[in-house]
Amino acid sequence: MLTINAFLPLIRKGTEKKLIYITSGAADVDMTRISRLTGQIGYSASKAAGNMVMAKYAGDLATESIKTLSIAPGWVETPATEGLTQNPAVFDYLLNAFKRIDPNVKGMIPAGQSIKAMLDVIARLDAESSGAFVSHHGDKTWVD
């Protein structure tokens, strides 16, 4: 919240007037319930709290035409996830968990694919969808 408040004067002067929070599908109750990925409680809870903060700001800033969005990038190939591909047991565990959500999941997506998808969703952000918590697809499709 301190970071948001620090940047609000600049956002108010800007043309886009959008606050974007990078979150995680791990903050979604149904995703957790269906996938049974019950680890990382602190991470999931903090992301869920961030989503709520963005929803609250959406209501608070609506009269100023400032829109907010919590967006999850999906299961993305990054240096932070590199270890998953090097440990087949961990990768298979996660893949099988994600297949409970979508049986067609193949694995992680390239960062560029996620970024393009998120930018498309952000470009479509309007007052009606302000405060939403969505995936890089603009819905609740957390993995590809």
Side-chain angles (χ1 to χ4, degrees), residues 1-85 90-144:
M1 292 183 297
L2 294 174
T3 304
I4 292 170
N5 290 338
F7 280 98
L8 272 176
L10 296 172
I11 291 166
R12 286 182 174 112
K13 292 178 185 177
T15 56
E16 285 292 319
K17 298 191 185 312
K18 295 178 182 180
L19 288 168
I20 309 301
Y21 172 61
I22 304 300
T23 187
S24 171
D28 183 70
V29 172
D30 288 331
M31 194 282 249
T32 299
R33 186 180 53 78
I34 294 166
S35 70
R36 297 189 297 250
L37 287 171
T38 58
Q40 298 183 311
I41 293 171
Y43 175 78
S44 297
S46 68
K47 289 297 188 178
N51 297 341
M52 181 57 71
V53 167
M54 294 303 282
K56 296 290 187 175
Y57 270 99
D60 191 44
L61 299 171
T63 58
E64 298 181 62
S65 298
I66 297 174
K67 296 168 275 308
T68 73
L69 183 68
S70 296
I71 190 166
W75 194 21
V76 183
E77 295 171 350
T78 67
T81 60
E82 206 171 77
L84 299 177
T85 57
V90 173
F91 181 82
D92 288 343
Y93 171 79
L94 291 171
L95 183 62
N96 289 327
F98 290 140
K99 284 188 176 199
R100 290 184 194 109
I101 300 164
D102 179 356
N104 298 314
V105 171
K106 302 284 188 262
M108 292 180 269
I109 60 172
Q113 179 181 338
S114 173
I115 292 165
K116 182 185 181 322
M118 287 191 295
L119 288 173
D120 290 345
V121 172
I122 292 165
R124 293 191 309 270
L125 177 60
D126 58 17
E128 185 177 321
S129 59
S130 183
F133 165 37
V134 299
S135 75
H136 56 297
H137 296 292
D139 56 20
K140 301 289 183 178
T141 306
W142 305 117
V143 291
D144 291 280

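When reading the values below, keep in mind they use all heavy atoms of this one structure, side chains included, and skip hydrogens, waters and symmetry mates. Just so we're clear, the structure is a prediction, and the values are computed from it rather than from any experiment.
One finds no salt bridge joining K17 and E64 here, because no Lys/Arg side-chain nitrogen approaches an Asp/Glu carboxylate oxygen to under 4.0 Å. Taking 4.0 Å as the cut-off between side-chain N and carboxylate O, R124 and D120 do not count as a salt-bridged pair.
For the pair I109 and H136, the minimum side-chain heavy-atom distance is below 4.5 Å. Annotation: side chain of V121 is not in contact with side chain of M118 (no heavy-atom distance under 4.5 Å). Residues V53 and Y21 are not in side-chain contact: their nearest non-hydrogen atoms beyond the backbone lie 4.5 Å or more apart. Counting heavy atoms from C-beta outward, L95 and W75 have side chains that approach closer than 4.5 Å. Side-chain contact between I71 and I22 is present, with heavy atoms from C-beta onward closer than 4.5 Å. Side-chain contact check for L8 versus L61: some heavy-atom pair is nearer than 4.5 Å. Side-chain contact between F133 and M54: absent, with no pair of heavy atoms (C-beta onward) separated by less than 4.5 Å. In this structure, F91 and T81 have side chains that are not in contact, with every pair of non-hydrogen atoms separated by 4.5 Å or more.
Atoms NZ and CG, from K99 and N104 in turn, are 8.0 Å apart once rounded to the nearest 0.5 Å. In this structure, CG in D126 is found 11.5 Å from OG in S65, a value given to the nearest 0.5 Å.
Residues forming a salt bridge (charged side-chain N to carboxylate O under 4.0 Å, His left out) with K140 (at least two apart in sequence, or on another chain): none. A search for salt bridge (charged side-chain N to carboxylate O under 4.0 Å, His left out) contacts involving D92 returns nothing, not counting sequence neighbours. For D139, the side chain to side chain donor-acceptor pair (under 3.5 Å) test picks out S135, T141, with sequence neighbours left out. Residues passing the salt bridge (charged side-chain N to carboxylate O under 4.0 Å, His left out) test with D102, sequence neighbours excluded: none.
Listed by first and then second residue, the side chain to side chain donor-acceptor pair (under 3.5 Å) pairs involving residues 106-115 amount to none (not counting sequence neighbours). Each side chain to side chain donor-acceptor pair (under 3.5 Å) pair with one or both residues in residues 35-45, not counting sequence neighbours, would appear here, but there are none.
What you find for E77 and M108 is that their closest heavy atoms are CG-CB, 3.5 Å. Considering every non-hydrogen atom in both N5 and Y57, the closest pair reads OD1-OH, 2.7 Å. Taking every heavy atom of both residues into account, G25 and A72 meet most closely at N-CB, 3.6 Å.
Side chain of K18 to backbone of I122: a donor-acceptor contact under 3.5 angstrom is found. For the pair T32 (side chain) and D28 (backbone), a donor-acceptor distance under 3.5 Å is present. Not a single donor-acceptor pair under 3.5 Å links the side chain of S24 to the backbone N or O of A27. A side-chain donor-acceptor contact under 3.5 Å links T68 to the backbone of G131.
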